[in-house]
Amino acid sequence: MNWRSERIWIELRTGSRKTSNFCWAFILFLGSLGFLLVGTSSYLGRNLIFLFPYQQIIFFPQGIVMSFYGIAGLFISSYLWCTISWNIGSGYDRFDRKKGIVCLFRWGFPGKNRRIFLRFLLKEIQSIRIEVKEGLYTRRALFLCMEIRGQVAIPLIRTDANLTPREIEQKAAELAYFLRVPIEMN
């Protein structure tokens, strides 16, 4: 839910509670549990999973490796479930022309810096910048950033937010018009 008026623009950020994260955490949990059960059944000499007879998998070295992969996968899966439950990265962006203030809020990992809250004056914003970064396997990533005087650019939106490059350009144009700042390409 986003809200916009003549003087205030509020955009909510979803964070880590995305369908893809739920799917990957669930698939990783089931797969690593399967690996761990196969490794354990080869150690115990009993069938814990009926699809894989324990006689076909020798504990040393295959059972040990499968147990290791299972334990490592459970750790990664628990990390994903924790980021989902804590909703890391969610928050809001609030642009208030009436007060001349920009507020960016995000939830982080638990601890003393769990709440990430940045506040700037509108007059400190130099521009809205669209960054293009080349990634692995020639994958391109677009970032919508806010350039602040004397500080690093603050990323607002990435392409993995299910936005096309055209939609990011449109969002950048609308935000730059609302804030009355120029747009830069990098």
Under the side chain to side chain contact (heavy atoms under 4.5 Å, CB included) test, residues paired with Leu74 that sit two or more places apart: Phe29, Ser32, Leu36
Any donor-acceptor pair under 3.5 Å from Arg46 side chain to Ser41 backbone: no
Within a strict 4.5 Å, meaning less than it, do heavy atoms of the Phe109 and Thr83 side chains meet? yes
Greater than 12 external heavy atoms within 6.0 Å of Phe60's CZ: no
Who passes salt bridge (charged side-chain N to carboxylate O under 4.0 Å, His left out) against Arg129, sequence neighbours left out? Glu131, Glu147
Above 12 or not: heavy atoms from other molecules or residues under 6.0 Å from CZ of Arg4? yes
dist Ile71:CD1 -> Ile76:CD1 (nearest 0.5 Å) comes out at 12.5 Å
Could you list the residues that satisfy side chain to side chain donor-acceptor pair (under 3.5 Å) with Trp86, not counting sequence neighbours? none
I need the full list of side-chain hydrogen bond (donor to acceptor under 3.5 Å, both in side chains) pairs touching residues 104-123, with sequence neighbours left out, sorted by first then second residue. Asp93-Arg106
Under a single-linkage definition using a 4.5 Å side-chain heavy-atom cutoff for Ile, Leu, Val, Met, Phe, Trp and Tyr, are Ile116 and Ile10 assigned to the same hydrophobic cluster? no
Separation between CD1 of Ile84 and OH of Tyr79, rounded to the nearest 0.5 Å: 11.0 Å
Can you tell if the side chain of Ile8 reaches within under 4.5 Å of the side chain of Arg94, non-hydrogen atoms only? yes
Please list, chain by chain and in numerical order, all residues satisfying side chain to side chain contact (heavy atoms under 4.5 Å, CB included) with Leu118, sequence neighbours excluded. Leu104, Phe120, Ile154
Between Met146 and Ile128, is there a side-chain heavy-atom distance shorter than 4.5 Å? yes
Within the supplied structure, the quantity of interest is the number of heavy atoms (other residues, nucleotides, ligands) at a distance under 6.0 Å from Phe68 CZ; does it exceed 12? no
How about Leu144 and Ile130: do any of their side-chain heavy atoms sit closer than 4.5 Å? yes
To check you understand the geometry: which heavy-atom pair defines the closest contact between Thr40 and Ser67, and what is its length? N-OG, 4.0 Å
Output for pair (Leu121 CG, Lys99 NZ), nearest 0.5 Å, gives 13.0 Å
Under 4.5 Å between side-chain heavy atoms, counting indirect links through other Ile/Leu/Val/Met/Phe/Trp/Tyr residues: same cluster for Ile125 and Met185 or not? yes
Would you check if Lys171 and Leu156 make a side-chain contact, meaning some heavy-atom pair closer than 4.5 Å? no
Value for CG (Leu80) from SG (Cys23), rounded to nearest 0.5 Å, stands at 12.0 Å
Short question: side chain of Ser85, backbone of Trp81 - any donor-acceptor pair under 3.5 Å? yes
Work out which heavy atom in Cys145 is nearest to a heavy atom in Pro155; give both atom names and the distance. SG-CA, 3.9 Å
Shared hydrophobic cluster, Val38 / Ile64 (ILVMFWY, side-chain heavy atoms < 4.5 Å): yes
Distance, nearest 0.5 Å, that separates CG of Asn87 from OG1 of Thr14: 7.5 Å
Is there a side-chain contact between Leu175 and Trp9, using heavy atoms and a 4.5 Å cut-off? yes
For Ile183 and Ser127, what are the C-alpha separation, side-chain angles and deciding distance, and is it a side-chain contact (heavy atoms from CB on, under 4.5 Å)? CA-CA 6 Å; Ile183 297 177; Ser127 65; over 6 Å; no
Counting only heavy atoms from other residues, nucleotides and ligands, does the tally under 6.0 Å from CZ of Phe105 exceed 12? yes
Same apolar cluster: Phe75 and Val65, side chain cutoff 4.5 Å: yes
Is the closest side-chain heavy-atom distance between Leu122 and Ile101 below 4.5 Å? no
List the atom of Ser42, the atom of Ile57, and the distance in Å for their closest heavy-atom pair. CB-O, 3.3 Å
More than 12 foreign heavy atoms under 6.0 Å from OH of Tyr69: is that the case here? no
Residues passing the side chain to side chain contact (heavy atoms under 4.5 Å, CB included) test with Leu30, sequence neighbours excluded, are Phe26
How long is the span from the SG atom in Cys103 to the CZ atom in Phe95, to the nearest 0.5 Å? 10.0 Å
